[in-house]
Amino acid sequence: MVNTADKFLADSGEKAFDQDHRRIINFNMGRYHTSVALGTARLANLETAKRKAHVIKWRVMENLDKYLPEFEANFQRRGGKVIWANDVAEAQQEILNIMQRSGAKKVVKSKTMATEEIHLNEFLQEHNIESLETDLGEYIVQLLGQKPYHIVTPAMHLSKEDIAKLFHEKFGTPIDSTPEQLTAKARELLRDKYLQADVGITGANFLIADSGSIALSENEGNTRLSTTFPKIHIAVVGIEKVIPSMADLDLFWPLLSTHGTGQNLTVYNTILTGPRQPDESDGPEEMYVILLDNGRTDLLAQKDQRQGLYCIRCGACLNACPVYQNVGGHTYNTTYSGPIGSVITPHMKGMEEFKHLSYASTLCGRCTEVCPVKIDIHKMLLLNRRDAVKESIVSTPEKWGWAIWKKAMLSRTITDFFGGNMKNFILRSLFKKSWGHYREMPDVAEKSFAQRWAEEHNPKEKD
């Protein structure tokens with residue numbers, strides 16, 4: 001079994017010095033930052049909106065046992081069905097049961113990270129069910145056999161030339177096709193799939209408790225097609241996505257869109273409340289919402305870190321993070337990458353295997369600054385580190401290393417025992433390969449600041 005921490009270090013070391021990757025990400029991130037600056041500037045009082053969103057999500061997480069049953073009751077009243085899934089296996093099996101009961105063989109999927117979390121495409125393929133991504137970015141990475149690179153922009157790591165080459169190889173389009181031509185080709189390829197699909201699968205940006213609805217945001221219209229044409233609609237949604245009221249969308253939709261893409265609102269915003277009613281002309285005959293736990297209640301039980309469940313998946317912290325910008329999304333080897341992924345993944349998938357992600361941060365605090373629901377992300381990373389130490393999920397060399405470092409740092413006598421030349425020799429002998437592989441090692445001065453200060457304020461010590 002591959003050690004995830006070792007794999008992360010190897011992959012990040014390689015990706016950080018991939019010049020082509022850096023060029024593409026810097027270009028795409030630059031466009032994002034420009035758009036978001038314009039988008040957030042249109043909000044009259046951004047800080048007040050973020051504080052209000054934080055309080056609403058706090059209230060929901062503190063009363064999740066009230067809001068989820070409220071959503072369930074209201075959704076079922078309209079003919080919908082709610083299924084509770086404790087983990088990946090349960091969610092997969094429940095979806096398969098629905099498929100087999102209806103004889104479904106073809107699925108269209110809109111963009112949803114929850115289905116990435118349960119590895120749904122691979123699972124359905126194993127059972128001879130065709131599952132097709134309809135979001136353009138997701139469709140592109142599916143053609144490549146990759147996972148989404150980013151929570152919001154799955155193909156952010158690809159240039160338009162990369163995508164043109166892919167379409168040329170797969171579909172014979174001109175190698176110099178423009179983005180508009182590539183989009184038109186994708187639309188042509190996907191349109192019939194909606195008509196042929198037996199089941200449409202989506203996620204949900206929000207679960208609305210007081211109306212029993214799901215709210216969906218998108219820019220391409222593929223979600224509406226996926227929920228309208230097939231006879232069965234399944235929404236796979238994390239239990240943390242609930243909000244109290246329909247009125248709260250007035251706050252959360254603009255926060256999500258401005259921080260996700262810089263738009264005032266995404267192009268298509270849809271509210272669905274159960275399957276098609278007798279007096280309605282379109283919509284599915286059956287609608288299911290699968291409420292996914294998969295480790296979320298474990299995080300909810302952590303009083304200090306349950307803030308991680310406030311996340312509305314805008315991706316702002318990924319785009320602000322200098323580590324993410326250098327090592328890329330695939331390096332994290334998790335569904336949720338970047339700062340928020342580093343907070344929640346150790347609780348959802350195991351601290352022992354994923355504690356290293358909480359150390360993959362400069363703790364600059366930029367992620368906390370940009371979060372639209374004011375999650376104290378960099379503090380959560382420190383708390384994860386604390387928990388890893390408390391649970392003794394650290395190696396023996398690491399324990400001894402930090403013990404020696406702590407003893408030295410707490411004693412000026414020990415710190416200054418060796419002069420600068422000896423310290424430089426130790427750095428170059430012991431840490432050249434680990435720290436100095438891609439950078440110049442620092443030159444330590446012969447005398448420390450404390451020694452120089454003492455000499456300046458105690459002239460006798462100069463003699």
Side-chain angles (χ1 to χ4, degrees), residues 75-76 78-85 88-143 145 148 154 170-171 186-205 207 212-216 218 220-237 268 270-292:
F75 183 69
Q76 289 178 336
R78 292 275 295 179
K81 298 175 183 177
V82 173
I83 298 170
W84 299 73
V88 171
E90 280 191 21
Q92 290 176 340
Q93 189 58 50
E94 292 292 351
I95 293 171
L96 183 61
N97 290 344
I98 297 169
M99 301 280 186
Q100 291 176 337
R101 200 161 52 239
S102 62
K105 288 297 179 184
K106 293 186 178 181
V107 170
V108 285
K109 278 177 75 261
S110 72
K111 186 180 182 306
T112 154
M113 294 308 292
T115 58
E116 293 292 339
E117 188 180 333
I118 64 173
H119 316 295
L120 187 58
N121 285 345
E122 297 85 347
F123 176 77
L124 293 178
Q125 188 175 1
E126 290 171 6
H127 290 83
N128 300 313
I129 297 172
E130 178 188 329
S131 179
L132 184 71
E133 298 288 351
T134 61
D135 173 85
L136 182 56
E138 292 273 3
Y139 181 58
I140 289 167
V141 295
Q142 186 180 33
L143 289 173
K170 294 283 187 180
F171 311 118
R187 184 179 292 119
E188 173 194 328
L189 293 165
L190 292 171
R191 189 52 55 99
D192 285 341
K193 298 294 185 180
Y194 296 111
L195 301 173
Q196 298 165 7
D198 304 300
V199 176
I201 297 180
T202 71
N205 296 99
L207 298 167
S213 309
I214 68 170
L216 298 154
E218 56 164 334
E220 298 171 15
N222 59 295
T223 300
R224 286 191 176 178
L225 291 170
S226 298
T227 58
T228 303
F229 282 109
K231 292 183 178 181
I232 299 174
H233 172 206
I234 303 171
V236 184
V237 193
Y268 302 99
T270 307
I271 299 171
L272 300 174
T273 310
R276 183 174 72 238
Q277 301 299 302
D279 59 340
E280 294 175 341
S281 59
D282 60 14
E285 296 174 5
E286 299 177 42
M287 183 174 174
Y288 300 84
V289 170
I290 296 179
L291 295 175
L292 181 66

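FYI, the numbering just counts along the sequence from 1.
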Distance-only side-chain donor-acceptor flag, N97 / Q93, under 3.5 Å |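 Judged by distance alone, the side chains do pair up.
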
Restricting to side-chain hydrogen bond (donor to acceptor under 3.5 Å, both in side chains), what partner residues turn up for [X], sequence neighbours left out?
{"X": "N222", "result": "T134"}
{"X": "E117", "result": "N294, R296, Y336"}
{"X": "E90", "result": "N86"}
{"X": "Q92", "result": "none"}

What are the two closest non-hydrogen atoms of [X] and [Y], and how far apart are they?
{"X": "P275", "Y": "E285", "answer": "CB-O, 3.6 Å"}
{"X": "K106", "Y": "I129", "answer": "N-CG2, 4.4 Å"}
{"X": "G137", "Y": "D135", "answer": "N-OD2, 3.1 Å"}
{"X": "G283", "Y": "R276", "answer": "O-NH1, 2.7 Å"}

What residues, two or more places apart in sequence or in another chain, satisfy ring-ring contact (aromatic ring centres under 6.0 Å, His included) together with F171?
->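 F171: ring-ring contact (aromatic ring centres under 6.0 Å, His included) contacts with F167.
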
For F123, ring-ring contact (aromatic ring centres under 6.0 Å, His included) partners two or more places apart |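 Expected list: H127.
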
Hey, is CD on Q125 packed in by over 12 heavy atoms from elsewhere, all under 6.0 Å?
->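 Counting neighbours around CD of Q125, 12 or fewer heavy atoms of other residues, nucleotides or ligands fall under 6.0 Å, so no.
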
Step by step, work out the side chain to side chain contact (heavy atoms under 4.5 Å, CB included) result for S102 and I232.
-> CA-CA 9 Å; S102 62; I232 299 174; 3.5 Å; yes

Hey, mind stepping through I118 and I95 against side chain to side chain contact (heavy atoms under 4.5 Å, CB included) and telling me if it holds?
-> CA-CA 11 Å; I118 64 173; I95 293 171; 3.9 Å; yes

Verdict with supporting geometry, Y139 and L132, side chain to side chain contact (heavy atoms under 4.5 Å, CB included) = CA-CA 7 Å; Y139 181 58; L132 184 71; 3.9 Å; yes

Under 3.5 Å donor-acceptor, T227 side chain and R224 backbone |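 Yes: the side chain of T227 pairs with the backbone of R224.
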
Check whether any side-chain N or O of E286 sits under 3.5 Å from a backbone N or O of K81 as a donor-acceptor pair, and report yes or no.
->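 No, because the side chain of E286 does not come within donor-acceptor range (under 3.5 Å) of the backbone of K81.
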
Candidates E133, E130, K193, Q196 - the one meeting side chain to side chain contact (heavy atoms under 4.5 Å, CB included) with V108 |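 Of the listed options, the one satisfying the test is K193.
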
